[in-house]
2 protein chains.
Amino acid sequence: MVINSPTEKSNRILTPTLSKPKAGKVVRRLKPGSYLFRAGDEANRVYQVVSGVLRLTCVLKNGHRQVIAFSFPGDFVGFSNGTEHSTECDVLETARVIPHRWGALDNGTLDRAMHQQLMQAALREIMNMQEHLVMVGGKTSVARIASFLSVLAERLGEPFGQYTKVTLPMSRSDIAGFLGLSTETVSRAISQICTDNLVARENANALVILKPAALKALAGGGFEGL
Amino acid sequence: MVINSPTEKSNRILTPTLSKPKAGKVVRRLKPGSYLFRAGDEANRVYQVVSGVLRLTCVLKNGHRQVIAFSFPGDFVGFSNGTEHSTECDVLETARVIPHRWGALDNGTLDRAMHQQLMQAALREIMNMQEHLVMVGGKTSVARIASFLSVLAERLGEPFGQYTKVTLPMSRSDIAGFLGLSTETVSRAISQICTDNLVARENANALVILKPAALKALAGGGFEGL
DNA sequence: CGGGACTTTGACACCTCTCAACTCTCGTGG
DNA sequence: CCACGAGAGTTGAGAGGTGTCAAAGTCCCG
């Protein structure tokens, strides 16, 4: 996932120094709209995202679909504490993932490096969710969007002249579900940021970050610091 | 932590079948107000809560103190992905905790049972935060309080005639910070639930759950199901 | 060119936050 | 023993932000 207000610390997290996928390692290719796993599926693997974008969701009792996280290259998905998944993971942008046998942690068949990597991934996941929690639990809609865009810019921003362009791989509805807002409020917040000239709109899903610093300031920041 | 809408699944999570603390194992005793760890402290241990109540917080850049989680007996605290903590953990109710060397996971000095237990704890932590996220990200104040009280009733409720009594170990301010509300809204929501006769007030911090089922229904539920 | 899904914008109602006053409890000191 | 004061909790009124409903605009694809 890792959608959060970027601090010194989280920046480091956002670009983790993962060991390169080994040559000959199994890589699954996933098309947009397909599911990596569904609720009820056996949870015996964790997936390392190599490319693309995934969406982690859960279905609430009231029928709503809550977005828990987005997964970008470098992230791990599929953590579950039971024998089966209670969340669903589908593909937003054509993705490649490396499956790791999760159960292998228990029987010692896993080499130490990968073992440690998975553990670190789990811890990073906890940290990410903590930061996400902070974001959802006490910021205005504009602050959440600013925070969201800042992270997206770092994760999948492309150079665009002297600026950074971000092509949103998810719908407004997804963003809304992720940030705990309605689609209309998301739209309004983005419009607001655009009229403030912090971001420019190329089209609905392509934004150019004009003032990254101001955007982060708007976000209000997550942990520590002054 | 584990403050969430209790589903079939999470019930199982809330009362984990942990191996009993071994005889002769080191147990730290903590008084209310003391810190188990602070932001910046070296993060080389994870603590298993045996008794008492802990509070996990982080300080935001704007000075506000956000409550990330409450920890009850059976929970683990102290997960961190870096070498030092970015969160703080202090004591609300006299607690006993068992420290586990986290780094031991890497060098294989840890026995397999404990290893697996720590891993499960980390996964449960992820799951808990996911559920908490759902709760904070799209419920009314009354639903959040209902959800919160339901979990508290299961975690530290005591028999009270035919009902269950819950003595809140934390302040309104803590609850507010945890649920992403203001103290006034927390107070109002509790009052609301009381006037609806779902809960009775013995005093400000002691509540008697009169209709647990109705309370859970109000909470709206977390994952899956209808 | 037309249909459909998504996005944007507007108007309004509702919920929550903020500010403020009041109550309650509890510990201190006269 | 009672009065006082501090802190926490409750309750009220008003303002602001967000959700909801509705309609118009945009984009993509058949």
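Dashed line: the shortest gap from a side-chain N or O of A:Ser191 to OP1 or OP2 of C:dT9 is under 4.0 Å.
Judged by distance alone with a 3.5 Å cut-off, no donor-acceptor contact links the side chain of A:Arg172 to the base of D:dT26. A:Arg188 contributes a side-chain N or O that forms a donor-acceptor pair with the base of C:dG10 under 3.5 Å.
Among D:dT20, D:dT10, C:dT16, the nucleotide with an atom closest to any side-chain atom of B:Ser187 is D:dT10. Each of C:dT8, D:dT11, D:dG19 was ranked by its minimum atom distance to the side chain of A:Ala204; first place goes to C:dT8. Residue B:Thr185 places its side chain closer to C:dC17 than to any other of C:dT7, D:dT18, C:dC17. For B:Glu184, the side-chain atoms get nearest to C:dT18 when compared with the rest of C:dT18, D:dT18, D:dC21.
Relative orientation of the A:Phe70 and A:Phe178 rings is tilted, given thresholds of 30° and 60° on the angle between their planes.
The structure places CD1 of B:Ile126 at 9.0 Å from CZ of B:Phe79, a figure rounded to the nearest 0.5 Å.
Ion pair A:Arg65/A:Glu88 flagged as a salt bridge, since at least one NZ, NE, NH1 or NH2 atom sits closer than 4.0 Å to an Asp/Glu carboxylate oxygen. Ion pairing between a basic and an acidic side chain is recognised when a charged N comes within 4.0 Å of a carboxylate O; A:Lys216 and A:Glu154 show such pairing.
Contact annotation for B:Thr183: no contact, since no heavy-atom pair falls under 4.0 Å across all strands. Within the nucleic acid shown, A:Arg201 comes within 4.0 Å of sugar-phosphate atoms alone, with no base atom in reach, counting heavy atoms only.
Under the side chain to side chain contact (heavy atoms under 4.5 Å, CB included) rule, B:Val97 has a single partner from B:Leu30, B:Val26, B:Val50, B:Val27, which is B:Leu30.
Residue B:Lys139 contributes atom NZ, which lies 21 Å from atom P of D:dT18 at whole-angstrom precision. In this entry the distance linking CG of B:Leu181 with C1' of C:dT18 reads 14 Å, nearest Å. Counting to the nearest Å, the P atom of C:dC15 and the CD1 atom of B:Ile145 are 16 Å from each other. At whole-Å resolution of the value, CG in A:Asn205 and P in D:dT26 are 16 Å apart. In this structure, B:Asn203 places its CG atom 16 Å from P of D:dA8, rounding to the nearest Å. If you measure from atom CE of A:Met170 to atom P of C:dA5, you get 22 Å, rounded to the nearest angstrom. Distance CD1 (B:Ile190) to P (D:dA8): 16 Å, rounded to an integer number of Å. Atom-to-atom, CG of B:Leu207 to P of D:dG9 comes out at 12 Å; the value is rounded to the nearest Å.
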